[in-house]
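Please read the structure below before turning to the comments.
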Amino acid sequence: MIKKKNILADRLKDLPLLFIRLILAYGFFNPALMKLKDIHGIADWFESIGIPFPLFNAYLTAVTEILGVILLMLGLFSRFISIPLLITMIVAVITVHGTNGFEAGENGFEIPLYYMIMLFTLVVYGSGKISLDYLLFDYKCKTESCKVKKN
């Protein structure tokens with residue numbers, strides 16, 4: 001009975017990674033579009049809260065978030081894009097959300113914290129089997145050609 005439960009759990013273990021990727025992509029989508037639509041307004045806001053090189057950082061953040069949306073949805077290079085997205089969330093907590101407390105309703109750091117936990121999960125575990133990362137890289141290495149031949 002326990003073995004049957006473990007087999008079922010093993011078959012489902014890649015679904016949470018897919019859900020995490022899709023939720024993060026959805027969460028970054030509107031903020032990324034907002035930044036792209038009014039990049040100079042975002043740069044002015046960045047300057048007002050003390051972020052250095054505000055126009056550069058506005059573009060950097062917008063491009064990072066757009067790339068994040070695309071790559072997370074596809075499950076392509078998820079580990080790599082999660083690192084700059086994680087840094088973006090840390091900066092958001094330090095500059096905007098941290099002083100508002102924890103509660104999301106008060107613009108606190110609750111939602112960025114959840115994003116950071118999910119992004120860290122992707123850094124550690126990768127995209128999972130339901131991803132282009134798996135199809136392009138890991139799946140190929142399951143064949144004999146990737147295995148080290150022993151004499």
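With rounding to the nearest 0.5 Å, the separation of CD in Glu47 from CG in Asp44 is 6.5 Å. Note that CZ of Phe28 and NZ of Lys35 are 8.5 Å apart. Values are rounded to the nearest 0.5 Å. Annotation: the span from Asn30 atom CG to Glu65 atom CD amounts to 10.5 Å, rounded to 0.5 Å. Expressed to the nearest 0.5 Å, how far CG of Leu72 lies from OG of Ser78 amounts to 5.0 Å. Taking CZ of Phe102 as the start and CD1 of Ile111 as the end, the distance is 8.5 Å to the nearest 0.5 Å. To the nearest 0.5 angstrom, Leu22 atom CG is 10.5 Å from Leu15 atom CG.
In the hydrophobic clustering of ILVMFWY residues, with side-chain heavy atoms under 4.5 Å counting as a link, Leu67 and Ile83 come out apart. One hydrophobic cluster, built from ILVMFWY side chains closer than 4.5 Å, holds both Ile23 and Leu33. Connection of Phe80 to Leu74 is established within a shared hydrophobic cluster, with ILVMFWY side chains joined at heavy-atom distances below 4.5 Å, either directly or through further cluster members. If you chain together hydrophobic residues whose side chains sit under 4.5 Å apart, Leu60 and Phe77 never meet in one group. No chain of hydrophobic side-chain contacts below 4.5 Å, direct or via other Ile, Leu, Val, Met, Phe, Trp or Tyr residues, connects Ile39 to Ile51.
With a 4.5 Å cut-off on side-chain heavy atoms, Val96 and Ile49 count as touching. Residues Ile42 and Met34 meet the side-chain proximity criterion, which asks for heavy atoms closer than 4.5 Å. Counting heavy atoms from C-beta on, the side chains of Phe53 and Asn57 come closer than 4.5 Å.
No donor-acceptor distance shorter than 3.5 angstrom exists from the side chain of His97 to the backbone of Phe109, with no hydrogens or angles considered. Using modelled atom types, one side-chain atom of Ser131 and one backbone atom of Gly128 make a donor-acceptor pair closer than 3.5 Å.
The two residues Ala43 and Leu55 have their closest heavy-atom pair at CB-CA, 3.6 Å. Here the closest heavy-atom approach between residue Thr64 and residue Pro84 is recorded as CG2-CB, 3.8 Å. The minimum heavy-atom distance between Ser127 and Asp133, with the atom names listed, is OG-OD2, 2.8 Å. Between Ala32 and Ile66 the shortest heavy-atom distance is CB-CD1, 3.6 Å.
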- Task: Any chance you could lay out the side-chain contact (heavy atoms from CB on, under 4.5 Å) test for Leu76 and Leu136, step after step, and finish with the verdict?
- Result: CA-CA 9 Å; Leu76 184 62; Leu136 295 174; 3.8 Å; yes
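For the side-chain hydrogen bond (donor to acceptor under 3.5 Å, both in side chains) condition, no pair includes a residue of residues 12-26, sequence neighbours left out.
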Would you list the atom pairs, donor with acceptor, under 3.5 Å between side chains in residues 112-126 and any protein atom, with sequence neighbours excluded?
from   : atom 1 : to     : atom 2 : distance (Å)
Tyr114 : OH     : Glu110 : OE2    : 2.8
Thr121 : OG1    : Ile117 : O      : 2.8

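Annotation: ring pair (Phe, Tyr, Trp, His ring centres under 6.0 Å) contacts of Phe29 (sequence neighbours excluded): none.
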